[in-house]
Each structure stands twice: as C-alpha cells, then as structure tokens.
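Chain letters run A, B, ... following the sequence lines, proteins first, then strands; residues in each count from 1.
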Amino acid sequence: MSAHEHHISSAKFLWGVGIALFILTVLTVAVTWIQIPEPWNVVVAIAIAVVKATVVAAFFMNLFWDSKFNTMILIMSALFFMLLIGITLLDTLYRIDPVPSF
Amino acid sequence: MATTEETPTRKIQVKRFKPEEYPEKHYLNQEKGLWAWLTTVDHKKIGLMYLMSVAFFFLVGGVLALLLRTELLTPARNFMTADVYNQVFTLHGAIMIFFFLIPSVPAALGNFVLPLQLGAKDVAFPRLNLASFYIYVIGALFTITAIFTGGIDTGWTFYTPYSSTTGGSVAMMTLGVFILGFSSILTGLNFIVTIHKLRSPGITWNKLPLNLWGLYATSLIQILATPVLAITLLLLTMERVLSIGIFDPALGGDPVLYQHFFWFYSHPAVYIMIVPGFGIVSEIISTFSKKVIFGYWAIALSSLAIAFIGFLVWGHHMFTAGQSSLANMVFSFLTFLVGIPTGIKIFNWLATMYKGSIDLKTPMVYILVFLFLFTIGGFTGIMLGALSVDVHLHDTYYVVAHFHYVMMGGMVMAFLGGLHYWWPKMFGKMYSEFWGKIAAGIIFVGFNMTFLPQFIMGSQGMPRRYYNYIDQFQAFHQFSTIGAYIMGVGFVIIAAYLLHSLLRGEKASSNPWGSRALEWQTSSPPDLHNFKHTPVIINGPYDYHKPMSEFQLGIATPHNGHGHHEEEGMDVAETEKEKA
Amino acid sequence: MNSLSDFMLPPAKSTLAGQTDALFNFINVTSLIFLIGITFAIIYFSWKYRRRSENDVTPVITHNNKLEITWSVIPLILVIIVFGWGFTGYMNKATPPNDSYEIRVVGKSWLWEFHYPNGYVSVGELHVPEDRPVKLVMSSTDVIHSFYIPDFRVKKDVLPNRYTSLWFEATDPGESVVFCTEYCGNAHSNMMATTIVHTQEDFQSWLETAGSADENLTPVELGEQLTTRNACTTCHSVDGSVLQGPSFQGLFGSEAPLESGETVSVDENYIRESILEPQAKIHEGFQPVMPSYAGTLDDNQINAIIEYIKTLD
Amino acid sequence: MSGTSATIEKRLDHLQHHFIDSDQQFESAKLGMWIFLATEILFFGGLFAAYIVYRSWYPELYIQASTELNTFWGAINTGVLIGSSLTVAMAIRSAQLNQIKGLIYNLYITIALAFVFMVIKYFEYTHKFHLGIYPGEYYTFEGIAHEKANIFFSIYYMMTGVHGLHVLIGIGLMIWLVFKAKKGAFHSGYYTPVEITGLYWHLVDIIWIFLFPLLYLID
C-alpha cells in the first residue's frame, strides 16, 4: 500500500507475458482446425479466453500484487454478469409455446 | 502493505474540539458569487445544487401527477386528449424516477452528509463529483428537448416494440436517461471509494453510521446495475435510429428479452431509491429516541442483503409477460426472500424505540409515517409476489398503489425526514416546528386518501395507464383525486416554511437534536473543509450512553490539517487506518 | 372475511378464482394483523417512552439474538407458505386441461378478434360455454397487448412474435369485461371486449347461427352493427368528434386531404381500400395505426359498412 | 526506490487537499478505476447476454454467419491489441522508473497499434457494407440462408462498434498522456493517470480477447 512499494515488473517478465498471450492466441485459432464436437469447441474457446484474460488481469493490470479488494471487484462484476445471463436463460431456454413460434 | 516497523512512534495529541456556535465564516459564504457555485468542487455545495434540481423535478413531476388525477375525475375526457394523457403519465414516471427518486437521497442528501459523517474533507474525487452533476444536467436537457420536440408516450418502461414504432422523440429521451445513468454511476463510484479510503481515524466498519451502510449498498447497486440500463437504452436508441432489430419482433427480435434487460436494472433501481431511505431512518430513529440502535449489524447487513437479493428478482415484473414457468417460480421464490431483511429492519427500528426517550420532532414524525406506510407497501409487495394473485393484480392500480406506498410513502417520507433532520446543518437555520408537523399530517392524510382507494380499484380489476375507465370505478378515482390535491397542499406548506426558514429562520445551534453522530460535531453550517481538525472516533455513532465530550475529539496539529501536506496528521491517520 | 373479499374483488366467475381469492384473503388478513401490531407499537412507544427531560437516560440494548431470530424465522415460514400456495395456483392457471375448447385470439391496436374452430370470427365479443375449459391461443399483430378478464382472475400478455395461451372454465352464464392491460397506445383504455358466457346448449346454437344471423338485417343495420362489433367506433366517431381516426360523419362524398399532400374523394373504393389496406392512403392529421381487416370482414360485410357510412351525413 | 528519487518525492503539487498523502490518492484513484471497470464489464455484459441468448436459440445461425467474418484479420487484430497491452505495461514501467522518454515512446507505439486495429476494423466493415451486410432492417445480403441473419450482424456491429468506440476513447486518452508527459507532469512519485489509463486499456484488450473467439471462431 505504501508509495514505496508499487510493484515494478521487469521488462523481461512483461515480454514473457506478452509472448504467452500470443501463443494462446495462436492456440485458440489452432483448435478450430481440429474439429472438436459441440459443445466442447465453445468450452475450449471460452476456457482459453478466460486464461488469457486472467493473465492480462493478473500481470499486466498488476492484480497479482495489488490489494485483494480490487480482485474482488473484478470477480464480483463477472459474477453479476453471470447472474444476468444465467437467470435470463432460465426464461429463454425453458419457454413452452402452445404453438411453435413463428 | 505498511508494516509495523514503519509506524512512527511519534505521540499523537488528541484534544477536545467543541464545535463553534454560529460561525461567521462557513461554506456558504467562504466563496462568493454564482461562478464560484457553478464551479465548486465542495461536496456540500454540489449536494445543495442537486437538492435544488431534484426539488425542481419533484415539483414538475408533482404537477404532472395532479394533472393526471384531474383528468381521471370523470370516466371520459376532461381536458386532455388521450395522446396528451399518455405523454403526461410517461413524463410523470420518468421524471419522478430518473430525475427525482434516484438522485434524491444519494446525490443530494448523500453528497452533503457522506464526507461529514466520515470526518473527511471531501469525497474522493471532487471534480468527478461536479462532473456527475453536470452530466445530470445534460441528461435533463436532453429530456426536456425530447418533451418539446414531439414528446414520448411509451411509459417510463419504454417497452418494445411500442417504443420502437411509436412517434415522438423516444431516441432523444432514452439518450437523456442513458446520459443520466453515467451521473448515477459516477456518484456511486465516488461514494464507494470515499467510504473505503477517506474514513477518519477510528471509524472502523463497525462504527460506520448506518446511513453510510445504506449509501454503500446503494452505490454497489448503482455501479453494478446502471451499466446494464445504459446498454439496454443504447440498444433501444439504435433500434430507433438504425433499426437493428434485437428487440423488435418485426425484424426478428424478441421483446421479452428487452424486458429482462430493462428490469435487470430497474428492479435493483427500486432499491437504489429505497435503501438510502433505510439509512436515514436508522439515523433519525436513534437520534430522536436518544438510544443506541438495536441490532446494528442486522440493519447494516440487511441493507447489503437487500441490495444483493434485489438483483435476483427482476422477473417478478414479468410474471404474465410470457416467460417460462420455471423462471416465474424462481423469481417468485427469491422475491419473498427480499421480504425477510426488510422485515428485520422494521422490527429493529421498533426495538430501538422501545424504552427510548422519544422526541416527536418533525423528522421523527416523518419517520413514523414512513414506518406505517412502508409496512403497507411491503405487505402489498408480498401480495404481488404470490404468483397466482399477481396474475390477477399485475398491471392494475393495485401495482400503482403498491409502488407509490413504497416509493412515496417510503422513500419520499424518508427523504423529507432527512431533509428536515439535516436542514439546520445545511443552512444553519431552524424551520417552524409547528408548520412542519401540520404539513406532515396533511401529507399523511392526503397520501392515504390518494392511494388506499387505488388498492381496491386494482383488486377489482382497474388496469393502469388508462385514460378512460368504466363507470364503476369513478367514486374511487374521485376520492383518489381529492387526496392528491390535499397532498399537494401539504407540499406547498413545506415549500413555504422552508423558504421562510432560509430567509428569516432562527439560527440553529451546531447540534440542535443532541445527536452523537459525527456530522453534528462541527458547526452549523460547517466550515468549507467540514472540520477544523481531523476528527478521531472512539465510540460508535449511536452510543448515547456515553458523554458528549467523548464524541468531540480531534488530532491537535498546528495547521489544523488543511490545505498543506501535514506530516503528523498523515502518519497517524494512516496507521489508524491500517489497524482498521 | 367474505364481505372483505366482496368489497375488494370482482365477482368470482371461473373455477380458477376460488384459489386465488383464498390466497388473496389469507395475505390480507395476515398482513392486517401484523400491520395493526406494528402500528400499535409505534403509537404506544411514542407515547409511553416520550421524552420527559433533556437528560433522559436510555438503556443500552444493542441486540437480542433470540428475538431477532424469532422475527426472522416466523416471517420466513409465512412467506414460504405464501410462495407454495401462489405457485400451485399459478401452475393451475398455466396448465390447460387436454379437452379444452380452443379459441384463437388476435390482439390488434386496438381491438380483440376471436377465431372459433368453425371459422367464425367475432370482434370485441368472446362467446364461451359455461362449465367447459376454454383455452385461448393468443398472438398480436403489432405491439404487446395483455388479455385480462378480472372476473376469471386470468391475464396473459399477447406477443407479436409468438403464441401465448391462457385457459379458464366459466361457472356462470352472463357477461364479463375484458381489458387490455399492457399499454399499447392512444386507445389502450378503449381496447376492451365482452366475454359472454352461454349455457352449453345456447353456445352450440349461437355457434351454428352466428354466421347467418346477419342475413335478416338491412345492409345499413348490418353496417351499424358491424362498426360496433369490429371496434371501428373505438377510433372513428359517428358524431363528428375527432378520436384516433377521422369521424364517419359527413365522410362519404367529401374530399379527404392525405398525409402525402394529395387529396382523394371518399367513395366506395377508398373506404374499401382503407379497410383492407389501412396504411395505403393516410388521412391528413392521423397516425398510421389502423390494423387491416383483410380476412376478418368479407365483401358482404364491407359493403354493409359502406352503406352505413353513406347514411352518416 | 525512495532513496533514488528523494528529490522527486518532494514534488507534491499533484496532491489534492482532501487526501493525506500521495499514496492514499493513488490507491483511491486505482480503486475508483477498478470500480469503473466493473461497470464497463456489465455494460458489455448486456451485449454478451444478448449474444448468448440468441446463440442458444439459433446455434446454426451463428455457425453460418461467422463464416462471413475473416478469421485471419480477427487474429491479427487480437495480436495487435495484445501487443498494445504489452507496450502500455512497458509505459507504466518506464514511468515507475522515471524514464520519461521510454514512457513517451511506449505510448506512441500503443497509439500506433490502436490505429492499426481501427484501420483493420474499417476494412472489415467496408467489406461487409459492400456485400450488403448492414445491421437489422437494412440487411440485404443473401449469402446466408437464415432468416435471423440480420440479428447476428446487429449483435456483431453493436459489440465490435461499442468496443471500437472504447478503442477510440483510449487513443484520445493516450494522446493526452503524451502531452502531459512531455510537459513533465509524470515522475516515479506520480504517474496515476498513466496507471489508470493503462488499466482501462487492458480491459479493452480483455473484452476483445472474448469477442474474438465468440464472433470469429465458430467453426
């Protein structure tokens, strides 16, 4: 918390993180070349994206060294997004129409 | 993180600071001129500017309401056409909700009180605070433009596809509300950071005034829900401008999806409106009962619980909208869960009054009115949460009466209570206690006359947003209209005596209610920088069993801790906070 | 309790009403008991513990776990009862019996159209048999409407992009009002209909004669009936006053200015076109909001309406 | 670090009167930015929710329609944004080490990469407009045999459009940072605007990290 202790990443480390992200990008494109059956292709794509986002948040945005409260905010917003979509799907996926919709 | 070795071993000098009575220099006269007001970053002045704005919009919304009630005196046309009527009820709803209720307590009263209650000199981002006020003004200008360039007749809910096909300036209006959302977000953001980072030495989480717990919960809702409204209204605006069709069935979209998005914000928004009211009630009940609050943590945590569960219940606005039975079941169940923390609060407040020393001053009268009316609002909410009954009552006057009991009987009463409570602190003037109670009585009678008949009408099937109605409802409508006029008289009286107080009111002492809370331990009106010392807190804000002198402590420094970089004040404050 | 429910609620005329009303009364009575208790406490405390001097000392009561748990758990139990009760009632309303008599409902701004299995279409009047479950399959041609019969305690939104349904079983012959409860524009409050419950035999005979009853009328009489039945008069007055659409009075034979700036003489062809394709030529000063009656009115009926309009000078 | 920049520690003209010290001010600003980012996530969340709901309704539509999106350029743009994130991180590092020149150079590279991103986006858009792939009502393309194809592209345009708007705002912010840096406003004791703009920029990157597979990589 003190002004004297802001984490400073080394240039080498930052480059390492960047390269890891490039590799993950190539990977996420590469997995579409091998046909993974539904719905696992979506799962894999999202999983890689989540890993990339976590890496960016932790090492570029310095959450790894930062106050835990900031991490909590990030997680909380993701959680509330999932609430929005999760509960909305409870409706949209389970609608029973008396006649098939048009 | 600072470690113990770094803690300076310097001695802190804590002294007693008795607030100055009738100060000559205070925040109202330290900077002069209109320009100084318009560019001020002082949270108190910004709060007052908000207060004036919300008062203005309350007046506009109120006049619109009286017009509506007058039109409804008879079943057929009185003096408005259907189109005008539809525009008027849309504006009444939109103005009251977006321009009055949402900013009323957080932005107006909250801005004024929050830093004072923390013993801070200002909110964390004073310029951002001013910016959010101007964003509010810009949003308001957009809305006013919309009114004069075609009007809007969609209802404040802007349901598609009606809103995407009807005439008028819907896009301008939604854009105005979109902009307004940012004002709300920035206020919430500012408050959260301020509460986290700018507490005075000794204000630990368990000594935080309950008003701030209320504002904290409100701010959380503001930052988490408002962006969804923003994107929804942006999509709706695009729907009007570019016909993107996501919500418009004519182009392949789904209108019920719009309702999900809209209520994901607008239901929590109900709690943006009411939760800060809870905070005010806790403050006032404790002060005027001169007694420690009953169940501090129960009240504090129930605010957070309401804020959280409030996010999970939006679908109860859509029980008949054609959503799946599964969703209906989940939403209905969760809706009832909100009732529990709300009930806990009511019981805790009653328990605080038990064996207290109750002084029925005007703010306390409003809070008792709040308790009664809000309880009715709550119980009728249970009625509407019950699925099979809601199928019958949905979109009838029962719903109208319910939310007016919650919003007006709850929030507006809490707002009036808070306004009367902090009025002496804001302006250093007292108002007429006699007229204050008369007005409260008139509003109470008028309010119940207006909205009780609406419960009966609604149960009998009178749908809302009706310009004409069938003859059997006329007696109820007329009774309701007369009640609305009476209520109007009550508000005119309030305006009159508050104006009188501003111009000719008696001077107020620094702590006219004998409160232990921190904002009363500075002069009335406060200094430009709130306190002339950095306050030190050792007791909770409701510890009425402890002597007043224990609430008037501060750090003694040569420069009173203002304007300059103060070595001493700094180190002590930081180490105290670390401990917290 | 019955008198309370009689005062608050409309008459119960369907099999679904009883359960709804019972829950309504239960919540009302329970709430009233709580409300009286709370109000009494507010008034009693304010009087009993009123401030006697500025130096009053109050006891330090910070919390009381037993009490707090009590007033959390009792309401919790009550609301769970209400939830279960409400949910079962709702499921009854959401699940039509298999042998239901099915009627198609179409909501248009601003009228209700009812299509019966034999092809007959009525506007503004829903005829149903008593003691027989009736299932309405509903859709809208424009914006969202909501179909509400207070006497039956049923309501459901009518959507433009899919079908929704509701069902009821009427218990008493007679008439009940139908409201639109989803705001849909200028004549929202006039978008009403009447539910007419017949005995089973009456309903059968009504259904058989419904299409042919009009044959005994003169074209003008028929036209007059049709304009009311098809909710034309919701928007078009017959006395010259301006509603959502131009008044029928003095319309025929006049020169009507159009939104496009042209004028058109109001003759048989223009009226016929306006009924079947209302958006083709919009009269100046009015919104293009009229629904099409193609498929609802046949040639004979359109002619009758034209004859009727001719008589309104 | 405090030893090397003792003189700079004295420069406290950035400190606002209601804060006790720079540190409190810095932490407050960062907390404020994180809260703002939370609102951003929920702002985009609405669009993602619309995306997911329609995808759950019409999975086949998404498979068909995404073939119209060019995976190659999408991937290049992902790389560009990741690169710009890296340079922003480097810029902050430079500021922390008092290397003002490094700070300015890194900001320049970031701005350049952001422009590259926008230019690629521009070509992608114009190509689609050329084919008649407009959002909603104006959709005229006939290459996709699905009646809701217009809805997919409405969602596509809204998502990438709002994201693009954020990139433009980011460019503006970074140009402003360059000006301030040239005036010598930043040093190791005060670089709050660089830090919080950096946080914003990384979030814009993260959003794109999700948009890329969701829009371009559906088989």
Side chain to side chain, [X] and [Y], heavy atoms closer than 4.5 Å:
| X | Y | value |
| --- | --- | --- |
| Ile27(C) | Phe379(B) | no |
| Cys180(C) | Pro463(B) | no |
| Val391(B) | Thr20(C) | no |
| Ser388(B) | Gln19(C) | no |
| Asn64(C) | Phe294(B) | yes |
| Tyr466(B) | His188(C) | yes |
| His545(B) | Thr58(C) | no |
| Asn28(C) | Met383(B) | yes |

Shortest non-hydrogen contact from [X] to [Y]?
| X | Y | result |
| --- | --- | --- |
| Gly253(B) | Asn161(C) | O-ND2, 3.5 Å |
| Ile144(C) | Thr160(B) | CD1-O, 3.4 Å |
| Asn186(C) | Asn86(B) | OD1-ND2, 3.2 Å |
| Leu159(C) | Ala321(B) | CD1-O, 3.8 Å |
| Gly155(B) | Tyr183(C) | N-CE2, 4.3 Å |
| Ala94(C) | Ser325(B) | CB-OG, 4.3 Å |

Checking heavy atoms, do the side chain of [X], its backbone, both or neither come under 4.5 Å from chain C?
| X | value |
| --- | --- |
| Ser289(B) | backbone |
| Ile340(B) | side chain |
| Tyr469(B) | neither |
| Gln259(B) | side chain |
| Ser164(B) | neither |
| Asp543(B) | neither |
| Arg465(B) | both |

Checklist entry - Taking atom types as modelled and ignoring hydrogens, do the side chains of Tyr162(B) and Asp142(C) form a donor-acceptor contact shorter than 3.5 angstrom? => result no
Counting only N and O atoms by type, is there a donor-acceptor contact under 3.5 Å from the side chain of [X] to the main-chain atoms of [Y]?
| X | Y | result |
| --- | --- | --- |
| Ser189(C) | Asn468(B) | yes |
| Arg162(C) | Gly322(B) | yes |
| Tyr148(C) | His392(B) | yes |
| Lys93(C) | Leu387(B) | no |

Taking every non-hydrogen pair under 4.5 Å, which of [options] racks up the most with chain C?
| options | answer |
| --- | --- |
| Ile346(B), Ile376(B), Asn348(B), Ile382(B) | Asn348(B) |
| Met353(B), Lys290(B), Arg77(B) | Lys290(B) |
| Thr165(B), Leu360(B), Thr335(B), Asp254(B) | Asp254(B) |
| Asp153(B), Thr396(B), Thr375(B) | Asp153(B) |
| Asn328(B), Thr380(B), Asp390(B), Thr166(B) | Asn328(B) |
| Phe455(B), Tyr544(B), Tyr159(B), Trp297(B) | Tyr159(B) |

To the nearest 0.5 Å, how far apart are [atom1] in [X] and [atom2] in [Y]?
| X | Y | atom1 | atom2 | value |
| --- | --- | --- | --- | --- |
| Asp56(C) | Lys355(B) | CG | NZ | 14.0 Å |
| His394(B) | Thr181(C) | NE2 | OG1 | 6.5 Å |
| Lys291(B) | Thr62(C) | NZ | OG1 | 9.5 Å |
| Thr164(C) | Gln323(B) | OG1 | CD | 13.0 Å |

Return all side-chain donor-acceptor pairs below 3.5 angstrom for residues 39-51 of chain C, not counting sequence neighbours, or 'none' if the list is empty.
residue	atom	partner	partner atom	Å
Thr39(C)	OG1	Leu35(C)	O	2.6
Ser46(C)	OG	Ile42(C)	O	2.5
Arg50(C)	NH1	Trp47(C)	O	2.7
Arg51(C)	NE	Ser357(B)	O	3.2
Arg51(C)	NE	Ser357(B)	OG	3.1
Arg51(C)	NH2	Ser357(B)	O	3.2

Show the atom names and distances, to 0.1 Å, of all donor-acceptor pairs under 3.5 Å that link a side chain in residues 69-76 of chain C to residues at least two apart or in another chain.
residue	atom	partner	partner atom	Å
Thr70(C)	OG1	Lys66(C)	O	2.6
Ser72(C)	OG	Glu68(C)	O	2.7

Item to check | Ring centre gap for His63(C) and Tyr296(B) strictly below 6.0 Å | outcome: no
Item to check | Worked check of side chain to side chain contact (heavy atoms under 4.5 Å, CB included) between Leu371(B) and Ile38(C) | outcome: CA-CA 9 Å; Leu371(B) 284 180; Ile38(C) 290 169; 5.6 Å; no
When [options] are compared by non-hydrogen pairs under 4.5 Å with chain B, the top option:
| options | answer |
| --- | --- |
| Ser53(C), Pro59(C), Ser146(C), Gly89(C) | Pro59(C) |
| Ile80(C), Thr30(C), Val79(C), Val242(C) | Val79(C) |
| Val60(C), Leu67(C), Val158(C), Leu23(C) | Val60(C) |

Next on the checklist: Between Gln244(C) and Asp83(B), does the side chain to side chain contact (heavy atoms under 4.5 Å, CB included) criterion hold? Intermediate values first, please.
Outcome noted: CA-CA 9 Å; Gln244(C) 269 52 254; Asp83(B) 187 45; over 6 Å; no
Checklist entry - Going through the checks in order, is the side chain to side chain contact (heavy atoms under 4.5 Å, CB included) test met by Glu182(C) and Thr320(B)? => result CA-CA 10 Å; Glu182(C) 186 64 67; Thr320(B) 65; over 6 Å; no
Checklist entry - If you count the non-hydrogen atoms of other residues, nucleotides and ligands that lie under 6.0 Å from CZ in Phe286(C), is the total more than 12? => result yes
Item to check | Interchain contact, Asn190(C) with chain B, by part (heavy-atom threshold 4.5 Å) | outcome: side chain
Next on the checklist: Less than 4.5 Å to any heavy atom of chain B: does that hold for the side chain of Val154(C), its backbone, both, or neither?
Outcome noted: backbone
Checklist entry - Relative to each other, are the rings of Phe179(C) and Phe473(B) parallel, tilted or perpendicular (30° and 60° limits)? => result tilted
